[in-house]
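Data block below; observations after.
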Amino acid sequence: MAETPRLKDDCFALPEGTHWTPVAEALAHLKAHMRCVVEPEVLPVAAASGRVLAASIAAKRANPPYANAAVDGYGFAFVALGAGPHALPLVDGRSAAGVPYEGKVPEGQAVRILTGASLPEGVDTVIMQEDVRVVGGVLHFEAGLKAGANCRAMGEDILAGAEALPAGARLGPQELGLLVALGVAEVSVYKRLRVGVLSTGDELRQPGEAATAHQIYDANRPMLLALLAEWGFEGVDLGVAPDDRAAVVASLNGAAEHCDALLTSGGASAGDEDHMSAVLAEGGRLNLWRIAIKPGRPLALAMWQGMPVFGLPGNPVAAFTTALIFARPALGALQGQGWNVPQPVLLPAAFNKRKKAGRREYLRARRQADGAVEVFASEGSGRISGLAWAEGFVELPDEAMEVQLGDLVRYIPFAAYG
Ligand code: AMP
Ligand code: MG
């Protein structure tokens, strides 16, 4: 049996020397060190929705598997047509989908044929029924049809044996349809990565509970679990750890038993009550990444008993942003998807903004009906309403920049992380 691949204990250690790590460098480091940690399993295609292929898949049969008609109409040999108008006697019988015409259609004659039906021997061209008249068993139509019209050639889409999908592809509805069409019944896919989600903080309350003025509802856990579900991972709800070291240790130990990776939020900086980073520093291989990004506080990356831990900031806007920018591609790589970072599209700005050099900025943004992109009124990272308002990020580069109305800016829809 193949050994479960493991990540190295120091896989999150950044090269020394940089104080604030640029986003691109942080991503390059993750890309170089994350690799698949889950085993493959064989599933029926219909049960593999959302999974990632462990091996490339070859077509078991061609698509289409046989030459067939693209319309309802009449088929014949093009070579026998004269100058037109045309009059071809019809043979008895017809070719329907799944019930082919068994005989040969003689040159100069035509056969009734329906969409998806095999082209009978002697037929290479089909005319739509809307373009003909049938009188007394004879088919009449005007000149002008092209050879091969309204026919689909065998294998014109994909040939048997050709690669249909590469290893690492995620199976969505379209991929399932393709595989079944190509005669594939079972696929080797990676087991879903089990990703724990743990909130931390004495101030956290659960939905429905009473909260005093000094307490906060635990927004991050349902938000992160919903993101994981959208991305095709198996989220494991680990609840809340209070601001207490022993409790945090117990939560991490429990997570390591059941999870392949862990997302925590809160307690990741270096404050008095930042127990997550303190505990990880003592018992795990902690690397506190100070990334030149807004929004975002230090990101705590650690190995705990062989389990990679992504310690996200507590602030929901920063937790959401760093989950998409850093955790999403890393988790994909851990689940065999390879490294995928969505490509921004360039859209005209519906805003003005000036930024300083030194950090990359992710503004909450959405497309307007006119195709330009607008940004949320406030950049304050405590504004959770901006997350719900937005449909994506505008990504502003590390360098200083002045955006004026109509300038092209980089827009990344949240859905592109899916
Ligand atoms: P921390 O990183 O623990 O200092 O938290 C930073 C801020 O995020 C504080 O205002 C916390 O109350 C808030 N916060 C931490 N965890 C959560 C959570 N799960 N849901 C909502 N807000 C949170
Ligand atoms: Mg806290």
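Numbering of ligands and ligand atoms starts at 1, following listing order. FYI, side chains are in, hydrogens and waters are out, and symmetry mates aren't considered; it's all heavy atoms of this structure.
- At a 3.5 angstrom cut-off on N or O pairs, Gly314 counts as close to ligand 1.
- Shown in contact with Tyr217 at under 4.0 Å from a heavy atom are these atoms of ligand 1, numbered in order with element: 20 (N), 21 (C).
- Atoms CZ and OG1, from Arg359 and Thr21 in turn, are 15.0 Å apart once rounded to the nearest 0.5 Å.
- Counted within 6.0 Å of CE on Met154, heavy atoms from surrounding residues, nucleotides or ligands total 12 or fewer; the atom is thus considered open.
- Considering backbone and side-chain N/O of Gly266, none are found under 3.5 Å from N/O of ligand 1.
- The closest approach between Gly201 and ligand 1 stays at or above 4.0 Å for every heavy atom of the residue.
- If you check each of Asp218, Val197, Val240 against atom 19 (N) of ligand 1, the one with the closest non-hydrogen atom is Asp218.
- With respect to atom 10 (O) of ligand 1, the closest heavy atom belonging to the protein is Glu203 OE2, 5.0 Å.
- In this structure, atom 16 (N) of ligand 1 is in close contact with the protein, since a protein heavy atom lies within 4.0 Å of it.
- Within the model, atoms CZ of Arg410 and CG of Leu363 stand 13.0 Å from one another, a figure rounded to the nearest 0.5 Å.
- Geometrically, Arg112 engages Tyr74 in a cation-pi contact defined by less than 6.0 Å to the ring centre and at most 45° from the axis.
- Listed by number with element, the atoms of ligand 1 under 4.0 angstrom from any heavy atom of Gly267 are 1 (P), 2 (O), 3 (O).
- Residue contacts with ligand 1 do not include Arg221, since none of its heavy atoms lies under 4.0 Å from the ligand.
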Distance-only donor-acceptor pairs under 3.5 Å for side chains of residues 373-381, two or more places apart:
| from | atom 1 | to | atom 2 | distance (Å) |
| --- | --- | --- | --- | --- |
| Glu374 | OE2 | Arg366 | NE | 3.3 |
| Ser378 | OG | Gly380 | N | 3.0 |
| Glu379 | OE1 | Lys294 | NZ | 3.0 |
| Glu379 | OE1 | Lys353 | NZ | 3.4 |
| Glu379 | OE2 | Lys353 | NZ | 3.0 |
| Ser381 | OG | Asn315 | ND2 | 3.2 |

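- The protein heavy atom nearest to atom 20 (N) of ligand 1 is Ala219 N, 3.0 Å.
- A salt bridge between Arg51 and Glu41 is present, with a side-chain N of the basic residue lying under 4.0 Å from a carboxylate O of the acidic one.
- One distance of note links CZ of Phe76 with CG of Asp124; it measures 8.0 Å at 0.5 Å rounding.
- The number of heavy-atom neighbours closer than 6.0 Å to CZ of Arg94, taken from other residues, nucleotides and ligands shown, is 12 or below.
- Atom numbering of ligand 1 starts at 1 in the shown order; those under 4.0 Å from a heavy atom of Arg297 are 2 (O), 4 (O).
- Counting atoms of ligand 1 from 1 in the listed order, those under 4.0 Å from a heavy atom of Pro316 are 21 (C), 22 (N).
- Both the backbone and the side chain of Asn220 come within 4.0 Å of ligand 1, judged by heavy-atom distances.
- Aromatic ring orientation, Phe393 versus Tyr417: perpendicular (interplanar angle above 60°, classes split at 30° and 60°).
- Counting the atoms of ligand 1 from 1 in the order shown, those under 4.0 Å from a heavy atom of Asn315 are 6 (C), 7 (C), 8 (O).
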